[in-house]
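Scope of the values below: all heavy atoms of this structure, side chains included, with no hydrogens, waters or symmetry mates.
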Amino acid sequence: MEKKNVVIHIAGSEYTILTEEDPAYVEALAETLDKDITEIVGANRRLSMTQAAILAALDYADKAAKESEAADNLRGQIKEYLEDSARYKMEAEVARRDVERLQKELKNAKSKPF
């Protein structure tokens, strides 16, 4: 993929980012980060931009860790469902064979005189 320069603005500073991502995606990330840092500074005017950026990064790291844990849980559930499905499929096949065997036995029993 081709790398592109994308100019973004965060907390009053301009940055040029070299990325393979869609520029609109990178700009949207920058806007979100800028908004979050602005809110953090607005809630506590004594914080520096660096402190606000660290708090925003900590919040993002927390969200990423929680989402990763949720994804791991979903993968585990899906694995269990697939294992259950395979087991039920096998049980259904065994039951189908039993039905066929019993039908043959019934047919043979009906064809024999008492």
Side-chain angles (χ1 to χ4, degrees):
M1 228 174 147
E2 181 184 336
K3 291 188 177 187
K4 302 164 217 102
N5 283 322
V6 180
V7 177
I8 58 173
H9 297 87
I10 300 172
S13 295
E14 182 177 286
Y15 303 91
T16 301
I17 307 293
L18 182 63
T19 181
E20 292 180 352
E21 299 292 340
D22 178 22
Y25 171 74
V26 175
E27 290 165 357
L29 289 176
E31 287 175 21
T32 300
L33 179 57
D34 182 60
K35 179 180 135 296
D36 290 347
I37 291 174
T38 301
E39 285 178 7
I40 290 169
V41 170
N44 187 345
R45 298 260 180 221
R46 294 185 306 176
L47 292 176
S48 69
M49 284 297 165
T50 302
Q51 291 170 320
I54 289 170
L55 291 174
L58 183 61
D59 186 51
Y60 290 153
D62 176 54
K63 288 177 184 175
K66 287 176 180 171
E67 292 300 322
S68 179
E69 184 178 336
D72 287 344
N73 288 338
L74 285 173
R75 278 190 285 276
Q77 286 178 351
I78 289 170
K79 181 181 177 191
E80 287 176 18
Y81 294 149
L82 290 172
E83 289 168 354
D84 287 348
S85 174
R87 187 176 68 249
Y88 296 144
K89 187 176 181 179
M90 188 181 305
E91 288 174 4
E93 180 61 25
V94 168
R96 185 190 62 75
R97 281 190 233 130
D98 285 345
V99 167
E100 288 177 1
R101 181 184 51 80
L102 291 170
Q103 286 174 336
K104 285 179 185 177
E105 287 179 15
L106 180 61
K107 185 178 177 181
N108 288 337
K110 285 182 178 180
S111 65
K112 292 181 180 177
F114 285 104

Shortest non-hydrogen contact from Ala56 toward Ile37: CB-CG1, 4.1 Å
Where at least one partner belongs to residues 22-38, residue pairs that pass salt bridge (charged side-chain N to carboxylate O under 4.0 Å, His left out), sequence neighbours excluded: Lys35-Glu39
Flag, side chain of Thr32 to backbone of Ala28, donor-acceptor distance under 3.5 Å: yes
Partner set under salt bridge (charged side-chain N to carboxylate O under 4.0 Å, His left out) for Arg75, not counting sequence neighbours: Asp72
Single-linkage hydrophobic cluster Tyr25~Tyr15, side-chain heavy atoms < 4.5 angstrom: yes
Smallest separation among heavy atoms of Thr19 and Glu21, with atom names: OG1-N, 2.9 Å
Residue list, side chain to side chain contact (heavy atoms under 4.5 Å, CB included) with Lys66, at least two apart or on another chain: Asp62
Pairing of Arg96 and Glu93 as salt bridge, 4.0 angstrom limit: yes
Salt bridge (charged side-chain N to carboxylate O under 4.0 Å, His left out) pairs, two or more places apart, involving residues 3-14: none
hydrophobic_cluster_shared for Leu47 and Ile10, side chain cutoff 4.5 Å: no
hydrophobic_cluster_shared for Ile17 and Val7, side chain cutoff 4.5 Å: no
Partner set under side chain to side chain contact (heavy atoms under 4.5 Å, CB included) for Arg46, not counting sequence neighbours: Asn44
Within-4.5 Å side-chain heavy-atom neighbours: Ile78 and Leu82: yes
Residues in side chain to side chain contact (heavy atoms under 4.5 Å, CB included) contact with Glu105, at least two apart in sequence or another chain: Arg101, Leu102
Joint hydrophobic cluster, Leu55 plus Leu33, side-chain heavy atoms closer than 4.5 Å: no
Smallest separation among heavy atoms of Ala52 and Ile40, with atom names: O-CD1, 3.7 Å
Electrostatic pair Glu83-Arg87, nearest N-O below 4.0 angstrom: no
same_hphob_cluster(Val41, Tyr60) at 4.5 Å side-chain heavy-atom cutoff: yes
